[in-house]
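Contents: one structure, followed by commentary.
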Amino acid sequence: LGLLPHMKRERWYPVLGNCMIRFRRPLAPFERFTLTTRILGWDEKWVYLLQDFTNAKGQTAALALVRGLFGSPHGSIS
């Protein structure tokens with residue numbers, strides 16, 4: 001997205017506010033998986049993401065709903 005250089009310059013950092021995860025099937029140790037992240041939306045403070053952990057067979061192993069924000073030395077970024 002090209003946001004990383006701007007984040008470094010402004011000294012912004014990601015902050016996890018909340019995460020709910022639903023495990024649907026196990027992943028074995030060292031099993032390969034694909035993590036797909038979708039932005040569900042945002043408001044003045046928070047960004048809401050959905051993360052889908054999919055195994056090699058295309059089955060969803062876990063779903064995570066994540067709420068996060070970007071912080072700076074001066075507080076959260078709106």
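Please read these numbers as outputs of a predicted model, since none were measured by experiment.
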Pairs under 3.5 angstrom only: tabulate donor-acceptor contacts from the side chains of residues 16-39 to other protein residues two or more places apart or in another chain.
from: Arg25; atom 1: NH1; to: Thr60; atom 2: O; distance (Å): 2.7
from: Glu31; atom 1: OE1; to: Ala28; atom 2: N; distance (Å): 2.7
from: Thr37; atom 1: OG1; to: Gln51; atom 2: NE2; distance (Å): 3.1

| field | Heavy-atom closest pair, residues Ser76 and Leu69 | value | CB-CD1, 4.0 Å
| said: Can you tell me if His6 has over 12 outside heavy atoms packed within less than 6.0 Å of its NE2? | reply: yes
| message | Are Leu63 and Phe53 packed together at the side-chain level, in the sense that at least one heavy-atom pair is separated by less than 4.5 angstrom? | response | no
Show me the donor-acceptor pairs, under 3.5 Å and distance only, between side chains in residues 41-48 and residues at least two apart or in other chains.
from: Asp43; atom 1: OD1; to: Lys45; atom 2: N; distance (Å): 2.9
from: Asp43; atom 1: OD1; to: Trp46; atom 2: N; distance (Å): 2.7
from: Asp43; atom 1: OD2; to: Tyr48; atom 2: OH; distance (Å): 3.2

| field | Contact summary for Ser72 and Trp12, nearest pair of heavy atoms | value | CB-CD1, 3.7 Å
| Any side-chain heavy-atom pair of Met7 and Phe70 under 4.5 Å | yes
| remark: Lys57 meets the side-chain contact (heavy atoms from CB on, under 4.5 Å) criterion, sequence neighbours left out, with Asn55, Gln59
